[in-house]
Protein chains: 2
Amino acid sequence: MLTKSSTELVRQQNSALVLAALRRAGNLSHTEISAETGLASATVSAITAELEKAGALAKAEQHVQGGRGRPRVLFTPRRDHGHLIVVRISSDVVQYSLVDYGGTLLDRFDEARNHDERGTAPFARAFVDALERLLQRSRLERDRVLAVSISSKGLVDGTSARLLWSPVFGREELDFAALLAPQWRVKVMLSNETLLVAQALATQAERKPESGFRALAAISLGHSIGLGVARKSQSGEMDVSAPNFGHMLHTPSAGLCRCGAYGCIEAAAGFYGILRAAFEVPADTIPAKFVPVAELDKIAASARQGHRMAGYAFRQAGIALGNGISRMLSLYERMPVHVTGPGIRYFDLMLPGIEEGLAQSMQVRLQGPPEIAIVADEQRLVFEGHLARALGVIDGDIASVGASAVPG
Amino acid sequence: MLTKSSTELVRQQNSALVLAALRRAGNLSHTEISAETGLASATVSAITAELEKAGALAKAEQHVQGGRGRPRVLFTPRRDHGHLIVVRISSDVVQYSLVDYGGTLLDRFDEARNHDERGTAPFARAFVDALERLLQRSRLERDRVLAVSISSKGLVDGTSARLLWSPVFGREELDFAALLAPQWRVKVMLSNETLLVAQALATQAERKPESGFRALAAISLGHSIGLGVARKSQSGEMDVSAPNFGHMLHTPSAGLCRCGAYGCIEAAAGFYGILRAAFEVPADTIPAKFVPVAELDKIAASARQGHRMAGYAFRQAGIALGNGISRMLSLYERMPVHVTGPGIRYFDLMLPGIEEGLAQSMQVRLQGPPEIAIVADEQRLVFEGHLARALGVIDGDIASVGASAVPG
DNA sequence: ATTATTTTCTCGACAGTCGAGAAAATGAAT
DNA sequence: ATTCATTTTCTCGACTGTCGAGAAAATAAT
């Protein structure tokens, strides 16, 4: 259903547009903002004045220029307008970062996960404590934090900030909004990790409009398999989602998965699935909780030396991925695939299987196989995704309250 | 990327809102429009005056009322504001309908498809001729037609009105926009048939807001397998798509498909797939182009009498569907599934397989199986989908040109 | 006839965008 | 040193749109 519009909404939308342009292109002058957004110069004046009064923007003192004429004066986000806390939860460590409104990192520390502990309660305590510590280390008031952005592997309900299923906690739900509700009056955002990779790659692609970005997928290879999909809807807005790819059904013969089901993609293409196949462990063996990378490196080495079962293990992992990707493309559309995660070091071993798995499907026969690119530095991309997403939401909030909330 | 907004766009959006309310709820008075849309009474006056001047609306002469006070005067779409041609292409017949702007059917005829003919050229000629005939029969000028809305099974590029793959023409593309371009100056819309079923069911669900509609899927069972998905995006607009479900990879062992690939869902769950399995024809046999329904009825009868291979054929069809649905739900979200098409008469035979195929996946174990409903009358739903979609687009056009295009 | 009631229409206030041109700020030319 | 050309930023009035309040219209009840 469509929804009512009004002149105030117009201002809100255009304010958000100005903030987005500033995020995308860095510091911009009045005229550059006008060119970038398509807004008339007079409108830019009105909007920047409002945002300046609200404290979100400031004029940079240094006006760079060489040419003739009145020098341009650059607008820039006011870094002290607020702060953002980014939490990356991975299987062995949790990383806490403090970022300012300008997107620059102020503080960061890691906390090792205690693998002996069972259940979410101890983790929840450690989580709340760590946020508190982050404030203390920077002598920051809690109300200066505009948002907390959290990422984890697994199945996530983004609207309510609930972790529905994760490799670590299984079906035990974790409601981050409820966790912080008593003390923190901030927006809590929870995103799947690979969704953020897709988000980061998509914002990168949007920075160069000549690339004609439409859609992309990011696949993370590791103990578990993640998928993020970023697509531009016909209305022009970016739609990013994290389908449950790792536990999509591959084929029942792929064996028992960590999640308790049989035949998930992960059960064939995740690290433990590869290990199981290489060592010819029965497919209904409950797989190891954690497979050291050194172990997989050994299998990869023997596969590269021609060992049959090791090679087979990577090949069947590739087929599971190829089939899964082909199914994903059938349900969405043709789009480039970016592969990341620790598993990319074995990508050469999986590629023949992937190609085989792709070639079977009608979608690929019809439109050709998708471009596949390897992307290193997954953790940096996740962090960039956090920034793009959380700061974008914060900008939206600023635009929607406008200058009205600021007295005087 | 966000896009610039302006006061004119506000009017455009709100005009569309008024037209949509009128479509949804039938004829409405001034106050009802205001209540339905949330717009102020003064705004409704301005918009209805503009739309009346443009010729899209008129006041109904009869003012129904019982109570006191000034009687309400109902607004209604002006049926003669323009016309819509709806073309339903199915495997054996093409149905041409002429509809007015109010959505009432004015004329309709069917044309049998000639199965001997090869290639798209003869079909294209017959198509253009039939449209011409539709005009002549109602003595209608060509420029009174606002849009031509076409539906077919198969893979469709909705933005460009090109049929990319279809059961009948295979990979031979058919560009309907180009077909009509020389003579016709109308909007040409091409939609997958099952997409329109999903569209119709979704607009029905939206009519009762208490149902809290979020998403639904429509699956059509027949010679081929179709899927339509309708989802409300977070911005509130309806997003309807027709993923390539029938030719999504099920499992390579499902055998050769009409499309030339191996293991498509259709190769197991389409009519010819069931036939092949029941008669134990080798799985790489090129399947029959067309399977009479009587033939399948016989298999169903023997299956119901306990015949082993017949029962197995329907069961493996069900498993293919169940696996496919579970994969679809993994990639989107949990949503009710509506099953339609001629194949629903065998649904009881497939249901055990469907449930088995669903139960294997993690998504279903976690969130429970989706609600499955049987929906008869597929053809009526397709037609309703045509109307909802095409008239919605026409309304959008009217709102966007506004009264500006109409002289004095 | 008058009154109560409900609906529709109209008017002025307010919010927003835009184009044009004034004002500002600087380098180049005289 | 002053003036001129150039570029950027700012400001003003016109235009479009929404909204609330109250006037005007149309009918049933008194």
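Within every chain, numbering begins at 1; the chains are lettered A, B, ... in the order of the sequence lines, protein sequences first and strands thereafter. Values below: every heavy atom of this structure, side chains too, minus hydrogens, waters and symmetry copies.
Of the candidate nucleotides D:dT9, D:dC12, C:dG16, D:dC12 has the atom lying nearest to any side-chain atom of A:Ala42. Between C:dC9, D:dC10, D:dT18, one nucleotide has an atom nearer to the side chain of B:Asn14 than all others, and that is D:dT18. The side chain of A:Ala40 lies closest to C:dC18 when the candidates are C:dC18, D:dT9, D:dG17. Of the candidate nucleotides C:dC9, C:dG16, C:dC18, C:dC18 has the atom nearest to the side chain of A:Leu39. Candidate nucleotides C:dT17, D:dT18, C:dT8 were compared by shortest atom distance to the side chain of A:Ser6, and D:dT18 ranks first. Here D:dG17 is the nucleotide among D:dG17, D:dC10, C:dT10 with the atom lying nearest to any side-chain atom of B:Arg11. Side-chain proximity of B:Thr31 to the nucleotides D:dC10, C:dT8, D:dG17 is greatest for C:dT8.
For A:Arg214, the CZ atom sits in a loose shell: 12 or fewer heavy atoms of surrounding residues, nucleotides or ligands are nearer than 6.0 Å.
Shortest non-hydrogen contact noted between B:Pro77 and B:Tyr101 is CB-CE2, 3.8 Å.
Counting to the nearest Å, the C1' atom of C:dA15 and the CG atom of B:Leu9 are 16 Å from each other. As a whole-Å value, the separation of B:Arg70 CZ from D:dT27 P is 9 Å. In this structure, A:Glu8 atom CD and D:dC19 atom P are separated by 8 Å, rounded to whole Å. Note: CD (B:Glu32) to C1' (C:dT8) measures 13 Å, nearest angstrom. Between B:Ile33 atom CD1 and C:dT7 atom P the separation is 14 Å, expressed in whole Å. As a whole-Å value, the separation of B:His30 NE2 from D:dA26 P is 15 Å. The separation between A:Arg72 atom CZ and C:dT26 atom C1' is 14 Å, rounded to whole Å. When the C1' atom of D:dT18 is taken as reference, atom CD1 of B:Ile47 falls 9 Å away, rounded to whole Å.
Heavy-atom nearest nucleotides on DNA chain D were determined for A:Thr48 and for A:Ser5, and the one closer to the 5' end corresponds to A:Thr48.
Applying side chain to side chain contact (heavy atoms under 4.5 Å, CB included) to B:Ile85 and the options B:Val99, B:Leu146, B:Val145, B:Ile150 leaves one that passes, B:Val145.
A donor-acceptor contact under 3.5 Å links the side chain of A:Ser41 to the base of D:dC10.
In summary, B:Glu52 and B:Arg78 do not engage in a salt bridge, as defined by a charged side-chain N under 4.0 Å from a carboxylate O. Salt-bridge formation is detected for the pair A:Asp397/A:Lys187: a Lys NZ or Arg NE/NH1/NH2 atom is positioned less than 4.0 Å from an Asp or Glu carboxylate oxygen.
At distances below 3.5 Å, not a single donor-acceptor pair connects side-chain atoms of A:Thr43 with backbone N or O atoms of A:Leu39.
For D:dC19, the OP1/OP2 oxygens have a side-chain nitrogen or oxygen of A:Lys4 closer than 4.0 Å. Phosphate proximity of C:dT7 to B:Lys59: absent, as no side-chain N or O sits under 4.0 Å from OP1 or OP2. Checking the phosphate oxygens (OP1, OP2) of D:dC19, a side-chain nitrogen or oxygen of B:Thr43 falls inside 4.0 Å. Listed pair A:Arg68 / D:dT7 fails the phosphate criterion, with no side-chain N or O lying under 4.0 Å from OP1 or OP2.
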